[in-house]
Amino acid sequence: MDARAAVVAEARSWLGTPFHHQGRVKGGGVDCAMLLAEVYHRCGLVPHVDPGYYPPDWHLHRDAERYLDKLMPYARELAGLPRPGDVAVFQFGRTFSHGAIVVAWPRLIHAYWRRGVVWGDATLNPLAGRKARFFGVIDV
């Protein structure tokens, strides 16, 4: 299985996991940042990532791009549309602070507050109309 298919398959295996701030346990609880960290780590593409503590509402009160600062060492920003296995990061609040794994753009898998790990579509709420940036972890 190639790396892109492995990432998508691993992300699918997390579907139904409840949302839990800073959680990273498949079936137990995960947030959007830790979903990315765990999926790419389990696929052998990044080392174990420990982001340290982060408040659940930091993106509403600060301009610091904490999410992107943690992502950038493991990814490169893409100029065009993402491919399967790439990352889409959406602006929520003041910063780009919500990540998702692209299955087939605009279809995504992401961990969303109160919903857990679910299928998403960038053309539908809660993602529709939000600024998005795309990153590649594969082939970095």
- Message: Please determine whether side chain to side chain contact (heavy atoms under 4.5 Å, CB included) holds for the pair R42 and W14, giving the CA-CA distance in whole Å, both sets of side-chain angles, and the decisive distance to 0.1 Å.
- Response: CA-CA 12 Å; R42 289 170 185 233; W14 285 75; 3.7 Å; yes
Does the side chain of [X] reach to within under 4.5 Å of the side chain of [Y], using non-hydrogen atoms?
X: E38; Y: L36; result: no
X: V87; Y: F134; result: no
X: P82; Y: F135; result: no
X: D121; Y: L127; result: no

- Message: For Y112 together with H98, are the ring centres under 6.0 Å from each other?
- Response: yes
[X] side chain to [Y] backbone, donor-acceptor under 3.5 Å:
X: R115; Y: A111; result: no
X: T17; Y: V30; result: no
X: Y67; Y: T95; result: no
X: Q22; Y: G52; result: yes

- Shared ILVMFWY cluster between V118 and V25, side chains joined below 4.5 angstrom?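 No, it is not one cluster - the side chains of V118 and V25 are not joined through contacts under 4.5 Å.
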- Message: Can you tell me how far apart CZ (R4) and SG (C43) are? Round to the nearest 0.5 Å.
- Response: 12.0 Å
- Gap between atom CG of L35 and atom CD1 of I101 - 0.5 Å precision: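 CG of L35 is found 4.5 Å from CD1 of I101.
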Below 4.0 angstrom, N of the basic side chain to O of the carboxylate: do [X] and [Y] qualify?
X: K26; Y: E10; result: yes
X: E77; Y: R133; result: yes
X: D31; Y: R24; result: no

- Under a single-linkage rule joining Ile, Leu, Val, Met, Phe, Trp and Tyr whose side-chain heavy atoms are separated by less than 4.5 Å, which residues share a cluster with F19? W113
What donor-acceptor contacts under 3.5 angstrom involve side-chain atoms of residues 102-109, with partners at least two apart or in another chain?
none

- Which atom of A100 lies closest to which atom of H110, heavy atoms considered: CB-CB, 3.6 Å
- Message: Testing the basics here: between P126 and F92, what is the closest heavy-atom pair and its distance to 0.1 Å?
- Response: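 Here P126 and F92 meet closest at O-CZ, 3.8 Å.
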